[in-house]
Amino acid sequence: MALAGRGAPTLESRSANIDAAREEAARADELPDPQLMVGIENMPVSGSGAFRPNGDDMTMKKIGLMQSFPARAMREARQLIADRQLERAQALSAIEQLEVQEQAAQAWLATWAAQRETDSYAALREQAAVAVKVAKARLSAGTGSAVDAMAAQAAALEVENRVDAAQARLQAARASLARWLGLPSEQLPAVGAAPTLTELPFAEQVLLSTIDRQRELLDWRYREAIAEAEIALASADKRPDWSIAAAYGQRDGSRADMVMVEFRVGLPLFSRNRQDRAIAARRAQLASVVAEREDARRAQKEAIERALAEWRGLKQQVERKESQILPLARDRSETAVAVFGGGGPLQPWLEARRNELEIHVEHARHLGELGRVWAALAYLLPREETAR
């Protein structure tokens, strides 16, 4: 988990998004830049002085500045949206952190399960080698048959095929783990003991009572907050903006120069078909987000209940296999090969060995599935949430 969270590119991307949102929030309520005004005013376009800068007493060169002042409600609404977007960027980073942790855990557990499967074939390989040796010895002594010798050899080759397949799955799992840890496959740390997959990091009831704070629902809280802030922004558009401008006008000759000061105020007089419709649109968008959030909440509740049911079923199967089925299959196979070594028939051992192989394969699959479901449930909430 430490390695995965230290250098994941997706986490670096989310961190950059937070920086961007923080910069946007810092400037959200700033006034717009002032405007420079430069021009010629009152230039005649007809008569003897047409298009001449000194063609009329009122013609002058003008330079000035204008500053707009958006309504305070508008600036506060923009700041509110920027703050909510910053909070959402931080939430998305927390979501990504959980997803990286889950994926790294999934890859580690898949590697662990594949390693367990590979290791479990070691005893079977030794057993198959013993059967081949006994079959050849009996054939040489004239007490066995060539058919038994070939059957024992075929059984040993089948075990080797299973070993090769298990090793291929192990290499594939290690490649996935290397991706999440950012390390070459040959530098991966050794896979040790797995966490207790038959126990969740927190009580099942915590999962069902914290749906709104879970990874899949965390973003919706901020999407709804942004939609509410956009209603405030649309409502603020009904408040008039104003601006102030000052200019200096220079006239030719002995004519006096001029100074101009101007105030402008917006008049949102026809709000019924403008601002009111914008407010109604934002409210409809909020209603849509609220409905989608409720649907996502129901879907998450269903997903949790299904995952818990699957986890309980797999837990029972794994526990039963490890405590009863696998020891029984191993004893049966060892007894059959001992009987064969003492002069008994080969067929009971072949059947026992085939049964043990299938149980090992099924057990490895169940371990992998149990690890997948466990990781999906274990990384739904940030660790600080589970401590509440």
Side-chain angles (χ1 to χ4, degrees), residues 1-22 86-120 165-203 206-207 210 213-219 303-304 307 310-311 314-315 318 363-388:
M1 294 304 96
L3 287 172
R6 196 173 298 155
T10 53
L11 292 179
E12 294 178 3
S13 172
R14 291 299 182 187
S15 178
N17 286 339
I18 291 175
D19 292 340
R22 186 176 290 113
L86 173 58
E87 291 172 355
R88 187 186 181 200
Q90 293 169 336
L92 290 174
S93 180
I95 291 171
E96 191 65 35
Q97 179 74 41
L98 288 171
E99 289 179 348
V100 167
Q101 289 176 344
E102 180 190 343
Q103 293 299 324
Q106 297 272 18
W108 190 96
L109 288 165
T111 303
W112 169 79
Q115 186 67 61
R116 282 279 303 266
E117 181 183 4
T118 301
D119 294 342
S120 69
Q167 288 178 343
R169 286 190 289 272
L170 176 59
Q171 293 303 316
R174 286 175 61 83
S176 179
L177 182 60
R179 175 259 173 110
W180 290 105
L181 301 189
L183 296 172
S185 297
E186 60 273 11
Q187 295 182 14
L188 288 177
V191 175
T196 305
L197 300 180
T198 53
E199 295 180 8
L200 291 172
F202 35 80
V206 172
L207 285 174
T210 58
R213 301 202 303 269
Q214 290 173 12
R215 185 180 68 197
E216 280 72 9
L217 270 293
L218 197 57
D219 182 38
I304 291 173
E310 185 179 3
W311 175 75
L314 288 168
K315 178 178 71 168
V318 167
H363 183 55
R365 179 174 59 83
H366 284 162
L367 282 176
E369 292 176 356
L370 180 63
R372 173 184 55 80
V373 178
W374 182 90
L377 292 171
Y379 294 99
L380 282 175
L381 284 166
R383 286 299 179 263
E384 58 270 19
E385 291 283 348
T386 61
R388 292 186 180 184

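Counting begins at 1 with the first residue of the sequence. Because the structure is predicted, anything quoted here is derived from the model rather than measured.
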Legend entry - Heavy-atom side-chain proximity of Leu98 to Leu218 below 4.5 angstrom: no
Legend entry - Ala110: side chain to side chain contact (heavy atoms under 4.5 Å, CB included) partners, not counting sequence neighbours: Ala173
Legend entry - Side-chain donor/acceptor of Ser15 to backbone N/O of Leu11, under 3.5 Å: no
Inset, instruction - Search all heavy atoms of Ala113 against all heavy atoms of Leu367 and return the closest pair with its distance. - result: CB-CB, 4.3 Å
Inset, instruction - Please round to the nearest 0.5 Å and tell me the distance separating atom OG1 of Thr210 and atom CD1 of Ile304. - result: 6.5 Å
Inset, instruction - Calculate, to the nearest 0.5 Å, the distance between atoms CH2 and CG belonging to Trp180 and Leu3 respectively. - result: 14.0 Å
Inset, instruction - Could you check if a side-chain atom of Pro195 sits within less than 4.5 angstrom of a side-chain atom of Trp112, using non-hydrogen atoms only? - result: no
Inset, instruction - Drop me the distance from Arg6's CZ to Glu12's CD, to the nearest 0.5 angstrom. - result: 12.5 Å
Legend entry - Contact check, side chains of Glu99 and Ile95, non-hydrogen atoms, under 4.5 Å: yes
Legend entry - Nearest-0.5 Å distance that lies between atom CG in Leu86 and atom CG in Asn17: 11.0 Å
Legend entry - Least distance between heavy atoms, Ile18 atom then Ser93 atom: CD1-CB, 3.6 Å
Legend entry - Donor-acceptor under 3.5 Å (Gln106 side chain, Arg372 main chain): yes
Legend entry - Closest heavy-atom pair and its distance - Gly192, Trp108: O-CH2, 3.6 Å
Legend entry - Donor-acceptor pair, side chain of Gln101 and main chain of Gly5, under 3.5 angstrom: no
Inset, instruction - May I ask you to test the Leu207-Gln214 pair for a side-chain heavy-atom distance under 4.5 Å? - result: yes
Inset, instruction - Search all heavy atoms of Arg213 against all heavy atoms of Leu381 and return the closest pair with its distance. - result: O-CD2, 3.3 Å
Inset, instruction - Look only at the side chain of Trp311 and the backbone of Leu197, and say whether a donor-acceptor pair between them is shorter than 3.5 Å. - result: yes
Legend entry - Side chains of Gln90 and Arg22 in contact at under 4.5 Å (non-hydrogen atoms): yes
Inset, instruction - Measure from the side-chain N and O atoms of Thr118 to the backbone N and O of Ala114, and report whether any donor-acceptor pair falls under 3.5 Å. - result: yes
Inset, instruction - Please collect all salt bridge (charged side-chain N to carboxylate O under 4.0 Å, His left out) contacts where either partner lies in residues 104-119, sequence neighbours excluded, each pair once. - result: Arg116-Glu322, Glu117-Arg169
Inset, instruction - Drop me the distance from Leu109's CG to Glu369's CD, to the nearest 0.5 angstrom. - result: 13.0 Å
Inset, instruction - Side-chain contact test, heavy atoms from C-beta onward, threshold under 4.5 Å: evaluate it for Leu177 versus Leu188 and give yes or no. - result: yes
Inset, instruction - Working to the nearest 0.5 Å, report the span between CD of Gln115 and CG of Leu170. - result: 5.0 Å
Legend entry - salt bridge (charged side-chain N to carboxylate O under 4.0 Å, His left out) contacts in which one or both residues fall within residues 174-199, not counting sequence neighbours: none
